[in-house]
Asks: 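What follows is a structure written as structure tokens; I'll ask about it next.
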Amino acid sequence: STIDSRVVSPTSLRVWNSTDGRLQSRVDTPAPIAAMILSSDGQQMLAAGGDAKLRALSVPNSGVRQLLAATHFSVATASPDGKWLALGNTDGSVRTLSLGDGSELKSWKAHEGAVTAVAFSADSGELLTASEDHQLKLWKTGDWSQTSSVELADRLPSAACSLPGARKFAVGDSQGRVAIWNADTM
């Protein structure tokens, strides 16, 4: 079924079936919801609260579970295959988690500046991180080893996403520019 999700108050996330209008799920948090991610398969909604907790909402069965607590992160993304979650932090660290059970896969110091964007490749085989240190870095999923990096001398990256069907990423910067980066030539 098709879903429609929206924040109806700063502390409530509700998911409706857009075909019949029935409320399917609801998550209430003690602190405002700061970000939401819908998994590409439409099965999970991740809601990040200002209370430093990440909640996973199972869309089909309306189950809610706390995926991660007592952590701080500035950016987050889910892998297209629904296996992983990547969290970037203001201290330059990156954490990867299993979306299946919430277990931590790896935590590491990825950058010297705050992580400003994280994006998985379209095939979930790589993770791109961007930072206030003006660097883009590419990591191989699974062992999370760094495979390449690019210095962005005059750009402060602020957002990133993968492009479908290619090893390419779109990276936006603080001046509103967008550049396409090919992972094969980084």
Side-chain angles (χ1 to χ4, degrees), residues 34-48 52-56 67-186:
M36 298 183 314
I37 303 169
L38 179 64
S39 64
S40 62
D41 62 6
Q43 300 299 299
Q44 290 191 81
M45 173 72 68
L46 304 172
K53 293 181 180 172
L54 186 66
R55 291 167 179 85
L67 187 63
L68 182 66
T71 189
H72 296 281
F73 54 92
S74 54
V75 292
T77 190
S79 64
D81 64 8
K83 291 182 182 178
W84 299 305
L85 178 70
L87 305 171
N89 201 336
T90 56
D91 67 1
S93 66
V94 172
R95 290 177 72 188
T96 53
L97 306 170
S98 165
L99 276 174
D101 62 10
S103 63
E104 183 173 287
L105 302 171
K106 185 172 181 176
S107 180
W108 70 99
K109 179 78 170 177
H111 292 276
E112 293 305 313
V115 177
T116 57
V118 287
F120 282 98
S121 60
D123 67 358
S124 301
E126 295 165 302
L127 173 68
L128 178 86
T129 60
S131 170
E132 287 181 354
D133 65 8
H134 296 267
Q135 297 247 343
L136 298 180
K137 294 185 180 181
L138 202 58
W139 311 87
K140 181 180 173 188
T141 58
D143 67 4
W144 308 103
S145 59
Q146 184 178 336
T147 59
S148 62
S149 66
V150 172
E151 175 80 29
L152 304 174
D154 65 336
R155 293 177 183 243
L156 181 60
S158 59
C161 68
S162 63
L163 300 178
R167 292 186 64 227
K168 294 182 180 179
F169 295 88
V171 177
D173 69 23
S174 59
Q175 295 180 345
R177 301 174 292 190
V178 176
I180 305 300
W181 292 91
N182 186 332
D184 293 325
T185 58
M186 283 180 66

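Owing to the predicted nature of the structure, the values given are computational and were not obtained by experimental measurement. For reference, positions follow the sequence shown, starting with 1.
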Asks: Who pairs with Asp173 by side chain to side chain contact (heavy atoms under 4.5 Å, CB included), at least two apart in sequence or on another chain?
Replies: Arg155, Gln175, Arg177
Asks: With side chain to side chain contact (heavy atoms under 4.5 Å, CB included) as the criterion, how do Val75 and Thr116 come out once you've worked through the C-alpha distance, each side chain's angles and the decisive distance to 0.1 Å?
Replies: CA-CA 7 Å; Val75 292; Thr116 57; 5.6 Å; no
Asks: Distance from Glu104 atom CD to Leu87 atom CG, nearest 0.5 Å?
Replies: 9.0 Å
Asks: Which atom pair, heavy atoms only, marks the closest approach of Ile180 to Ala170?
Replies: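 Here Ile180 and Ala170 meet closest at CD1-CB, 3.8 Å.
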Asks: Could you pull out the closest heavy-atom pair between Lys137 and Ala110, with the gap in Å?
Replies: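 Scanning both residues, the minimum pair turns out to be NZ-O, 2.7 Å.
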Asks: So how far is it from Ser131 OG to Asn89 CG, rounded to the nearest 0.5 Å?
Replies: 11.0 Å
Asks: Drop me the distance from Ser79's OG to Asp123's CG, to the nearest 0.5 angstrom.
Replies: 10.5 Å
Asks: Could you pull out the closest heavy-atom pair between Gly165 and Ala122, with the gap in Å?
Replies: N-CB, 3.9 Å
Asks: Can you name the closest pair of heavy atoms from Ala119 and Ser162 and give their distance?
Replies: CB-N, 4.3 Å
Asks: Whether the side chain of Thr141 engages the backbone of Gly125 through a donor-acceptor N/O pair (distance < 3.5 Å, no angle test) should be reported.
Replies: yes
Asks: Mind checking the OG-CD spacing from Ser148 to Glu126? Nearest 0.5 Å is all I need.
Replies: 7.5 Å
Asks: Is the side chain of Thr147 donor-acceptor paired with the backbone N or O of Leu138 at a distance under 3.5 Å, no angle test?
Replies: yes
Asks: Answer yes or no: is there a donor N or O on one side and an acceptor on the other, between the side chain of Asp133 and the main chain of His111, under 3.5 Å?
Replies: no
Asks: Measure the acute angle between the ring planes of Trp84 and Phe120, then classify it against the limits of 30° and 60° as parallel, tilted or perpendicular.
Replies: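 Correct class here is parallel.
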Asks: Show your reasoning for whether side chain to side chain contact (heavy atoms under 4.5 Å, CB included) applies to His134 and Leu156.
Replies: CA-CA 5 Å; His134 296 267; Leu156 181 60; 4.1 Å; yes
Asks: Where is the tightest heavy-atom contact between Ala86 and Val118, given as atom of each residue plus distance?
Replies: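 Smallest heavy-atom distance, with atoms named: O-CG2, 3.9 Å.
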Asks: Is a side-chain N or O of Ser93 found less than 3.5 angstrom from the main chain of Trp108, in a donor-acceptor match?
Replies: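 Pair absent, no side-chain N/O of Ser93 close to backbone of Trp108.
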Asks: Look up atom CG in Asp91 and atom NZ in Lys109, then write down how far apart they are to the nearest 0.5 Å.
Replies: 5.5 Å
Asks: Are the side chain of Thr96 and the backbone N or O of Lys106 linked by a donor-acceptor pair below 3.5 Å?
Replies: yes
Asks: Answer yes or no: is there a side-chain heavy-atom contact under 4.5 Å between Leu152 and Pro157?
Replies: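 Yes, close enough: below the 4.5 Å cut-off.
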Asks: Should we say atom NZ of Lys140 is surrounded by more than 12 heavy atoms from elsewhere, each under 6.0 Å from it?
Replies: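 Open: at most 12 neighbouring heavy atoms sit under 6.0 Å from NZ of Lys140.
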Asks: What are the two closest non-hydrogen atoms of Ala160 and Ala117, and how far apart are they?
Replies: N-CB, 3.7 Å
